[in-house]
Amino acid sequence: MSSDSVTTPTNFIRNIIIRDLETGKHDQIVTRFPPEPNGHLHIGHAKSICLNFGVAAEFGGRTNLRFDDTNPLKENEDFMLAIMEDVRWLGFEWDGLFHASDYFQQLYDYAVHLIRTGKAYIEELTAEEIRAYRGTLTEPGQNSPFRDRPAEESLDLFKRMKAGEFEDGTLALRAKIDMASPNINMRDPVVYRIRNASHHRTGNEWHIYPMYDWAHGISDAIEGITHSLCTLEFEDHRPLYEWFLENIPAPSMPRQIEFSRGNLDYTVMSKRRLRELVEDGRVSGWDDPRMPTLAGLRRRGFTPEAIRAFWADMGISKADSIISMSVLENAVRNDLNVRAPRTMAVLDPLKVVLTNYPEGETEWLDAPVHPQNEEMGTRQVALTREIWIEREDFMENPPGKYFRLKPGGEVRLRNAFIVQCNEVIKNDQGEVEELRCTFDPETRSGMPGASRKVKGTIHWVSAVHGKPVEIRLCDRLFTVPNPLGEKGRDYREFLNPHSLDVICNAIVEPAVAEGTAGDFYQFERTGYFCHDNVDSKPGKPVLNRIVTLRDSWARIEKEIAQGKR
RNA sequence: UGGGGGAUCGUCUAGUGGUAGGACUGCGGACUCUGACUCCGCCAGCGGGGGUUCGAAUCCCUCUCCCCCAGCCA
């Protein structure tokens, strides 16, 4: 309704929190972001980060970063460090930094409590047997023969498990709940398993490690988390989350609330698939600029501001969704349009000689850094007799709507003057090799004659001052919107062969070649580009295309090609 | 033929009994020394069927479709 007022978009979780504050259920809200350090964060995680940190900040609460490091086989320090870097880069700072492994002793003590109260037992069935006893989706499970063993016996076994007396997989601690429950999670879930493995934080201290369901809820309770926000697949686990906390002397009672993941089209968004792409060498790493990982997006040149704005726009709900990539692209264009310095760069150079311009002369022209923001100042652009223009800005036999250079035609050189094409020089293969043009000195930018109108304006770079750079044209990783949704086909079949096209000899204004990692620009009429934070080196600049500019000519051109115009 | 969730323009999302709104996309136009930006306009939706009501996206019944769960993963 309110179109002219900027309000924080609401969602069902925010509404719950507002109510909890109003009713006095909580004085302060506490959330947490709980990644498992077994891979890199992706833009879907950013949704959760923005939600958890955002909603706590809005209501003066706190947010912890807690690593869910209960599986030493898959987790490590490197992932942990990378995750912290990603969260900070996104623009958030945690109040407390914790690890589930910080609570291993308490988790153990609570398990002892559960055994003592007759609500857990040591299982001797093998994993396969447990599966067989569990029943199916439509048939109830059967009680384990070890289910009713004396608590003392279980306690003794549990202590010996902890002491490292048993091999992996031989015993397990199970909660005694209900083998006939229609919710399979309640059919005596495993609470602890034996893993004689070294943990990246606790070393060889433990031989048993808690399962997610046990560790997560209790960790939340220990930290006084008020709202434990997670994704939809944990909805079935909520009864278990609550059962555990109700059956131990829990220090607090957090509430788990589920929301839907945020998927994007033309990519994949699970750590498992992303890991496969990395390990199969389909991409150069977790930070490949085509990856939807935060490391990849950062390297590509996406800004944290754009990603935050994107998720703020998207909102939170419980409906499964695959968001159109165009929405993300819009968010980054909106952000970069305001902030990116403008510059001219020629991606596919075609030489132009200005025949009436003196040889050997260089003239420095003033050009605005940003046409809508004078405060960003001006830059000097070198003009010489020989310049490069974009090959696609010249056509020998153009269609009617073509506003760029053509034989005998006129066009404005951005920030300079109007030129006319007099001669087209071709090589033996008949390819256009060079254009001979004359310029009209009266039409120089800033002079009275500059008001003369021509249809088109094109960008250019001095052939003597321009610097060569490598440019990586990043595009969508897959050729279909939902690579995982193509029945009977492997998603890798749909990898886009042109997701990363490399241009070795693009020409840029000298200042761009001097840029350093992370510097971004708008190449006028082309798109937004950013110095690659890994491969761009002094003397050997490499820039990634973050996103193209919107291009209405491309649509017209396509329609012409299809004979619609 | 178990349990848990979800269906609102092409996409995402508001709306919780009183004219279905926004963003993105698309289309048309204005402006333009970026075919960008900006501005204006347009197209487009309550999964189906019943019921309650003066009035239903919203309440009730029913049907359909989609997602998740049978790890000693998270």
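Here is the naming used below: chain letters follow the sequence lines, and residue numbers restart at 1 for every chain. Side chains are part of it too, since the values below use all heavy atoms of this structure and drop only hydrogens, waters and symmetry mates.
Judged by distance alone, the side chains of A:E509 and A:Y521 never bring a donor and an acceptor atom under 3.5 Å apart. Side-chain contact of A:Y192 with A:E123: a donor-acceptor pair under 3.5 Å is absent, judged by distance alone. Side chains of A:N71 and A:Y212: a donor-acceptor N/O pair is absent below 3.5 angstrom, by distance only.
A:R261 CZ: 12 or fewer foreign heavy atoms inside a 6.0 Å radius. Within a 6.0 Å radius of NZ in A:K162, other residues, nucleotides and ligands contribute more than 12 heavy atoms. Environment of CD in A:E129: crowded, with over 12 heavy atoms of neighbouring residues, nucleotides or ligands closer than 6.0 Å.
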Exercise. Going through the distances and angles, do A:H200 and A:D78 end up as a side-chain contact (heavy atoms from CB on, under 4.5 Å)?
Worked result: CA-CA 10 Å; A:H200 72 99; A:D78 290 344; over 6 Å; no
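Pairing of B:G2, defined by two Watson-Crick or G-U wobble distances under 3.5 Å, is identified with B:C69. A 3.5 Å limit on both hydrogen-bonding distances identifies B:U38 as the Watson-Crick or G-U partner of B:A30. Pair check for B:A7 finds B:U64; Watson-Crick or G-U wobble, both atom distances under 3.5 Å.
Using a 90° window around 0 for the glycosidic torsion, B:G47 falls outside it and is classed as anti.
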Seminar exercise, completed: A correct 5'-to-3' footprint of nucleotides 7-13 of chain B, with B, S and - meaning base, sugar-phosphate only and no protein heavy atom under 4.0 Å, is ----SSS
Problem set entry | Nucleotide-resolved protein contact map, nucleotides 69-74 of chain B, B/S/- at heavy-atom distance under 4.0 Å | BBSBSB
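The base of B:G35 has none of its N or O atoms less than 3.5 Å from a complementary donor or acceptor on the side chain of A:R550. Donor-acceptor pairing under 3.5 Å, judged by distance alone, is present between the side chain of A:Q522 and the base of B:U34.
Taking atom C1' on both nucleotides, B:A7 is separated from B:A36 by 38 Å, rounded to a whole Å. Atom C1' of B:C9 sits at a distance of 4 Å from the matching atom of B:G45, rounded to the whole Å. Nucleotides B:U11 and B:G18 have their P atoms positioned 27 Å apart, rounded to a whole Å. Comparing the same atom, C1', in B:G15 and in B:U25 gives a spacing of 23 Å after rounding to whole Å. Only the P atoms considered, B:C63 is 23 Å distant from B:A56, to the nearest whole Å. The same atom, P, is picked in B:G49 and in B:U38; the two are 40 Å apart, to the nearest Å. With both ends at atom C1', the span from B:A14 to B:A57 equals 12 Å, rounded to whole Å. Here the separation of B:A23 from B:C61, taken at their P atoms, is 37 Å to the nearest Å.
Within the nucleic acid shown, A:N415 comes within 4.0 Å of at least one base atom, counting heavy atoms only. Here A:A416 lies in heavy-atom contact (under 4.0 Å) with a base. Counting any heavy atom pair closer than 4.0 Å across all strands shown, A:Y402 reaches a base atom.
Spacing between atom CG of A:D551 and atom P of B:U25 amounts to 14 Å, rounded to whole angstrom units. The separation between A:R19 atom CZ and B:U16 atom P is 13 Å, rounded to whole Å. The NZ atom of A:K455 sits 11 Å away from the P atom of B:U32 (whole-angstrom rounding). Regarding A:N330, its CG atom lies at a distance of 9 Å from the P atom of B:C37, rounded to whole Å. For A:I177 and B:G3, the CD1 to C1' distance is 15 Å, given to the nearest whole Å. Rounded to whole Å, the distance from CH2 on A:W553 to P on B:C37 is 17 Å. Atom CZ of A:R261 and atom P of B:G6 are 17 Å apart (whole Å). Nucleotide B:G35 holds its P atom 11 Å from the CD atom of A:E392, rounded to whole Å.
Aromatic rings of A:F104 and A:H199 (six-membered ring for Trp) have centroids within the 6.0 Å cut-off, being under it.
Between A:R414 and A:W460, the closest heavy-atom pair is O-NE1, 2.6 Å.
Nearest nucleotide to the side chain of A:E559, out of B:C27, B:A36, B:C37: B:C27.
In this structure a side-chain-to-backbone donor-acceptor pair under 3.5 Å is present from A:R412 to A:A450. A side-chain donor-acceptor contact under 3.5 Å links A:R187 to the backbone of A:S181.
Put simply, A:R342 has no side-chain N or O that comes within less than 4.0 Å of OP1 or OP2 on B:U34.
Remark on RNA chain B: of its neighbouring residues A:E235 and A:F523, the 5'-side contact belongs to A:E235, judged by nearest-heavy-atom nucleotide.
Remark: of the listed residues A:E524, A:R525, A:R342, A:R525 is the sole one forming a side-chain hydrogen bond (donor to acceptor under 3.5 Å, both in side chains) with A:H459.
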